[in-house]
Participant: 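Provided herewith is a single structure, encoded as structure tokens, for subsequent inquiry.
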Amino acid sequence: MCRAAITGISLGQRYGDGGSDGDTTAPSAPGQPTAGTVTANTVALTWTAATDNVGVTAYEVLRNGSVVATVSATSYTATGLTASTAYTFSVRARDAAGNVSAASAGRSVTTSSGGGNTDAGCTATYKTLTSWAGGFQAEVTVRNTGTAAGSAWTVNWTFPAGTTVGSLWNGVAGTPAVTVRNAAHNGALAAGASTTFGFVGNGSSTTSAPISCSLS
């Protein structure tokens, strides 16, 4: 008598066991990091959160292409850096299933000279002066909020896609966009002093917060 073989499928095969049949969708890339306070040995970074179909659980911070930290928040302060040295920081997101996003656009930052200026502080205030179809004029005020004089400043912010800086005065535009450094005549700021730079932009006048400033 021949007995027929009994076959079936497991619950793991039917519903997925979290492997190849589980979540395979990587998060979106986080926003380009913005540099806040910069000293000779530290850089404070923030970025816009990534999105995911389930949820982002962590961010990997890359310095010059290598992972140096894993954090759960959208901010990180890099420490142990070398004075007067250029670094490029980017961020990628990871979800609960281990899927990793593409890296964000990089942010290049140069640390201040030896020792830094721990008494220096800086704020930058962005203001749209006027706008028209396809363009606008804006002004940024840079203020030394510390108790010691500074000799150079750098301002960073991010525009929406399609918005660019055209002509600029009282500052020097750099990359990655948008980075503006002081001109030769207005880098030195005494405690409590301020200066302004302006520009004509192409596209939407809306700027994405935050706008950051560093003074050395």
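Computation of the quantities below employed the complete heavy-atom set of this structure, encompassing side-chain atoms and omitting hydrogens, waters and symmetry-equivalent molecules. Residues: numbered from 1 along the sequence shown. This structure is a prediction, so every number in the text was calculated from the model and none was measured.
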Participant: Taking salt bridge (charged side-chain N to carboxylate O under 4.0 Å, His left out) as the test, write out the residues that go with Arg92, two or more places apart.
Facilitator: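 With neighbours one apart ignored, the set is Glu60.
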
Participant: Any pair with a residue in residues 26-68 that passes ring pair (Phe, Tyr, Trp, His ring centres under 6.0 Å), sequence neighbours left out, goes on the list, sorted by first then second residue, please.
Facilitator: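 Matches after skipping sequence neighbours: Trp47-Tyr59.
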
Participant: Does any pair with a residue in residues 122-148 pass salt bridge (Lys or Arg N to Asp or Glu O under 4.0 Å), and if so which ones, sequence neighbours excluded?
Facilitator: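 Found none.
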
Participant: Do Asn156 and Arg107 have side chains that get closer than 4.5 Å, going by heavy atoms?
Facilitator: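 They are in side-chain contact.
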
Participant: Can you give me the closest heavy-atom contact between Val155 and Phe197, atom names plus distance?
Facilitator: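 Scanning both residues completely, I find the closest heavy atoms to be CG2-CE2, 4.1 Å.
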
Participant: Report yes or no: does Thr57 contribute a side-chain atom to a donor-acceptor pair with the main-chain N or O of Arg94 at less than 3.5 Å?
Facilitator: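 A pair under 3.5 Å: yes.
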
Participant: With clusters defined by side-chain heavy atoms of hydrophobic residues (ILVMFWY) lying less than 4.5 Å apart, directly or transitively, does Leu129 cluster with Leu168?
Facilitator: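 No; tracing contacts between hydrophobic side chains, which count when under 4.5 Å, never links both residues.
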
Participant: Any link between Phe136 and Ile211 through a network of hydrophobic side chains (Ile, Leu, Val, Met, Phe, Trp, Tyr) touching at under 4.5 Å?
Facilitator: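 Yes, Phe136 and Ile211 fall within the same hydrophobic cluster.
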
Participant: Would you say Val91 and Tyr76 are hydrophobically clustered, going by side-chain heavy atoms of ILVMFWY under 4.5 Å?
Facilitator: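 Linked, Val91 and Tyr76 end up in one cluster.
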
Participant: Could you check if a side-chain atom of Ser75 sits within less than 4.5 angstrom of a side-chain atom of Thr46, using non-hydrogen atoms only?
Facilitator: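 With C-beta onward as the side chain, the pair touches.
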
Participant: From Ser151 OG over to Leu215 CG, what is the distance, rounded to the nearest 0.5 angstrom?
Facilitator: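 CG of Leu215 is found 7.5 Å from OG of Ser151.
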
Participant: Is any side-chain heavy atom of Ser214 less than 4.5 Å from a side-chain heavy atom of Cys122?
Facilitator: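 With C-beta onward as the side chain, the pair stays apart.
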
Participant: Indicate yes or no for a side-chain donor-acceptor contact from Asn144 to the backbone of Ala190 under 3.5 Å, with no hydrogens or angles considered.
Facilitator: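 Between the backbone of Ala190 and the side chain of Asn144 there is a qualifying donor-acceptor contact (under 3.5 Å).
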
Participant: Looking at every non-hydrogen atom in both residues, tell me the closest pair between Pro27 and Ser101 and how far apart they are.
Facilitator: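 Scanning both residues, the minimum pair turns out to be O-CB, 3.1 Å.
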
Participant: Indicate, with yes or no, if Val56 and Leu45 share a hydrophobic cluster defined by side-chain heavy-atom contacts under 4.5 Å among Ile, Leu, Val, Met, Phe, Trp and Tyr.
Facilitator: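 Hydrophobic grouping puts Leu45 with Val56.
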
Participant: Checking Val200 against Trp169 for the side-chain contact (heavy atoms from CB on, under 4.5 Å) test, could you report, in this order, the C-alpha distance in whole Å, the side-chain angles of both residues, the deciding distance, and whether it holds?
Facilitator: CA-CA 9 Å; Val200 173; Trp169 50 93; 4.0 Å; yes

Participant: Please tell me whether Phe199 and Val178 are part of a single hydrophobic cluster in this structure, the criterion being side-chain heavy atoms less than 4.5 Å apart.
Facilitator: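 Result: yes, single cluster for both.
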
Participant: For the residue pair Val100 and Ala26, what are the closest heavy atoms and their distance?
Facilitator: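 That closest heavy-atom pairing would be O-CB, 3.6 Å.
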
Participant: So, for Val38 and Thr110, which heavy atoms are closest and what is the spacing to 0.1 Å?
Facilitator: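 Residues Val38 and Thr110, closest heavy atoms: CG1-O, 3.7 Å.
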
Participant: Kindly say whether Ala152 contributes a backbone atom to a donor-acceptor pair with the side chain of Asn182 at under 3.5 angstrom?
Facilitator: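 Not confirmed, Asn182 side chain does not pair with Ala152 backbone.
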
Participant: Heavy atoms only: give me the nearest Ala93-Pro30 pair and the separation to one decimal.
Facilitator: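 Smallest interatomic distance, heavy atoms only, reads N-CG, 3.8 Å.
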
Participant: Less than 3.5 Å apart, any donor N or O on the side chain of Ser108 or Thr88 sitting next to an acceptor on the other?
Facilitator: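 Judged by distance alone, the side chains do pair up.
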
Participant: How close do Pro33 and Phe89 get, heavy atom to heavy atom, and via which atoms?
Facilitator: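 Of all heavy-atom pairs spanning Pro33 and Phe89, the closest is CG-O, 3.8 Å.
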
Participant: Between the main-chain N or O of Gln137 and the side-chain N or O of Thr130, is there a donor-acceptor pair closer than 3.5 Å?
Facilitator: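 Not a single qualifying donor-acceptor pair exists.
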
Participant: For Thr195 and Asn170, run side-chain contact (heavy atoms from CB on, under 4.5 Å): C-alpha distance rounded to whole Å, both residues' side-chain angles, the deciding distance at 0.1 Å, then the answer.
Facilitator: CA-CA 9 Å; Thr195 189; Asn170 291 337; 5.7 Å; no

Participant: Please step through side-chain contact (heavy atoms from CB on, under 4.5 Å) for the pair Tyr87 and Leu81, ending with a clear verdict.
Facilitator: CA-CA 9 Å; Tyr87 296 92; Leu81 306 179; 3.8 Å; yes

Participant: Go through it in stages, so that I can follow the logic: the residues are Val43 and Thr111, the test is side-chain contact (heavy atoms from CB on, under 4.5 Å), and I'd like the CA-CA distance, side-chain angles, deciding distance and then a yes or no.
Facilitator: CA-CA 7 Å; Val43 175; Thr111 52; 4.3 Å; yes

Participant: Going by atom types only, do Asp95 and Asn99 share a side-chain donor-acceptor pair under 3.5 Å?
Facilitator: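 Side chains of Asp95 and Asn99: pair found under 3.5 Å.
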
